[in-house]
Amino acid sequence: MASVILQRSRKKRLEAGHPWIYGNEVETVEGNPEEGGLVDVFSHQRKYLATGYYNPASQIRIRVVSHKPLEAMDTAFFAERFARCLNHRERFLGGENAYRLVYGEADFLPGLIVDRFGDVLVVQLLTLGMDKRRTEIVDALVQVLNPKGIFERSDVSVRELEGLEQKTGVLYGECPRHVTVTENGLKLIVDIEQGQKTGYFFDQRENRASIAPLMTGWGVRSGITLQEVSGEDGLTRKVPVNKSGKEVTFPYWDGATVLECFSHTGSFTLNACKYGAKKVTCLDVSAHAIESAKANVELNGFSDRVEFVVDDAFQYLRSQVKGLEERAERAAANTSSASPEKSKAAAKGGKAAAKTDTSRPMTAGGGRTWDVVILDPPAFAKTKSAVKGACRGYKDINLHGMKLVNEGGYLVTASCSYHMRPELFLETIAEAAEDAGKVLRLIEWRAAGKDHPQILGVDEGHYLKFAIFEVTSK
């Protein structure tokens, strides 16, 4: 087997568990390594460190697959690794039938992603080393999981950095375009051919369930309280009663109003409804995504509590805030007109409130607010150079989002941009809160779920940030 000798001056990332070796860390190459083939890696002192697969065309020259000598990445090798992956998911995810089965480097299989959707698997081969072992990977998956079908979604640009073309198609068995699975007890229809990435984002599974405490406890704001009443049978029972003393029969009277932006397949919307939300606004710029969300909402019997909006989230949030501000100006103007002695105080509530012509129709639409606003956008910073622009984007949506949260409500916000480090994400949100005149209280801070484990020392795996903030005004 060919060997790679590393430079003396390199950082000891490999010894700390990082599986990537860059070209500028290589001192010499001994032998003639095959492109995508295995090489042994040695320190400058000729001490064996690891074995990985080699690609001279990639900046990441070697991706480590073993810290013990390894002769081949054959079917037996993959079957053993897949069995370990399956054992981890079954231990931590219980009876779920859909999850990320293989998470690349974190499952000691760099360059390989496998998502399980019941008895159908979707794979991504991201590197030359994995692409060359397509047959062994498929054979091992069949051996360990016996799926009905395996579909490839290697339609990602990162393959081009490895000198590979993008590919999609059936690798084994039968693969229906749409598969139905369950997550957190909810049914989901997933489009494995045209859906984003592999069709669904599993990394927010536990985070979606974490919104449960936010979904109830709002009835009192509407003047609804539980009171004991006597029935015709002479027994007393507690029922919700409104300000007029009438019993409220709507079953979700205590539920939150929720706005989910960047909804994709509506996964947060589904969880919001499951946990008792009164009304959910489900928004995405993609009509295809909204159609998927509609199908999932209908499948779970939540259609009467969900409205769907196809719109750009940035534009939608801004228009709602603009409408809110215009309403505040009109209210201030009306207060000033009705009580001249209060005009000075009222003017503080809006710009030039006394000059507002309330007889004219409102120029801005919207002006709605919600108890809970959920922001789960796609990655704004896919490269380090994009971080500055990403900060502007995250600040914009969070600033407008928190302005639309009812007093004492909650902002649920996430970032899946690795280059947007946690401290920078929190700093950006803090700046947005200052500009919005809000005080944020951090209730929960989370990362990706248990089917997305993280290796200590591999920062690239620490990409997802998820936070729940209580929002109050200064």
Task: Test log, rule side chain to side chain donor-acceptor pair (under 3.5 Å), inputs Tyr172 and Asp139 - done: CA-CA 9 Å; Tyr172 171 82; Asp139 289 347; over 6 Å; no
Task: Crowding at NZ, Lys450 (>12 non-hydrogen neighbours, <6.0 Å) - done: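 No, because the 6.0 Å sphere around NZ of Lys450 holds 12 heavy atoms or fewer from other groups.
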TODO: Please indicate whether Glu35 has more than 12 foreign heavy atoms, meaning atoms of other residues, nucleotides or ligands, lying under 6.0 Å from its CD.
DONE: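 Open: at most 12 neighbouring heavy atoms sit under 6.0 Å from CD of Glu35.
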Under 3.5 Å, is there a donor on one side chain and an acceptor on the other for [X] and [Y]?
X      : Y      : value
Thr413 : Asn398 : yes
His18  : Glu460 : yes
Thr216 : Asp254 : no

Heavy-atom side-chain contact between [X] and [Y] under 4.5 Å:
X      : Y      : value
Ile150 : Val123 : yes
Gln454 : Tyr463 : no
Leu259 : Leu317 : yes
Val458 : Pro19  : yes
Ile211 : Met215 : yes
Val239 : Leu226 : no
Arg446 : Glu206 : yes

TODO: Sequence neighbours left out, what pairs pass ring-ring contact (aromatic ring centres under 6.0 Å, His included) with at least one residue falling in residues 89-134?
DONE: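 Only His88-Phe92, Tyr103-His452, Phe117-Phe202 qualify under ring-ring contact (aromatic ring centres under 6.0 Å, His included).
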Straight-line distance of [X] [atom1] to [Y] [atom2], nearest 0.5 Å:
X      : Y      : atom1 : atom2 : answer
Thr198 : Arg116 : OG1   : CZ    : 14.5 Å
Leu125 : Arg134 : CG    : CZ    : 5.0 Å
Ile374 : Ser267 : CD1   : OG    : 9.0 Å

What is the minimum heavy-atom distance between [X] and [Y], and which atoms define it?
X      : Y      : value
Asn24  : Gln7   : O-OE1, 3.2 Å
Ala414 : Gln204 : CB-NE2, 3.7 Å
Ala313 : Cys261 : CB-CB, 4.2 Å
Phe380 : Pro377 : CZ-CB, 3.5 Å

- [ ] Report yes or no: is the cationic atom of Arg305 (NZ for Lys, CZ for Arg) closer than 6.0 Å to the six-membered ring centre of Tyr252, at no more than 45° off its axis?
- [x]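 Yes; both conditions hold, so Arg305 lies above the ring face of Tyr252.
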One thing to verify: whether [Y] and [X] come together as a salt bridge, which I'm taking to mean a side-chain N less than 4.0 angstrom from a carboxylate O.
X      : Y      : result
Glu193 : Arg153 : no
Arg100 : Asp451 : no
Asp131 : Arg159 : yes
Glu183 : Arg208 : yes
Lys294 : Glu298 : no
Glu136 : Arg133 : no
Arg13  : Asp459 : no

Open item on the list: One pair to check against salt bridge (charged side-chain N to carboxylate O under 4.0 Å, His left out): Glu470 and Arg441. What are the steps and the verdict?
Closed with: CA-CA 5 Å; Glu470 180 190 65; Arg441 186 161 64 152; 3.0 Å; yes
Task: Stepwise side-chain contact (heavy atoms from CB on, under 4.5 Å) test for Val258 and Asp371 - done: CA-CA 6 Å; Val258 181; Asp371 298 320; over 6 Å; no
Open item on the list: Is the distance from the ring center of Phe425 to that of Tyr394 below 6.0 Å?
Closed with: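 Between Phe425 and Tyr394, the centre distance is under 6.0 Å.
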Task: Sub-6.0 Å ring centroid separation between His264 and Phe201 - done: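 Here the rings of Phe201 and His264 have centres that are less than 6.0 Å from each other.
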Task: Stepwise side-chain contact (heavy atoms from CB on, under 4.5 Å) check, Trp370 with Thr281 - done: CA-CA 9 Å; Trp370 291 265; Thr281 304; 3.3 Å; yes
TODO: With sequence neighbours excluded, give me every side-chain hydrogen bond (donor to acceptor under 3.5 Å, both in side chains) pair touching residues 48-61.
DONE: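 Qualifying pairs, neighbours excluded: Asp40-Thr51, Tyr48-Thr51, Tyr53-Thr127, Asn55-Glu162, Ser58-Glu162.
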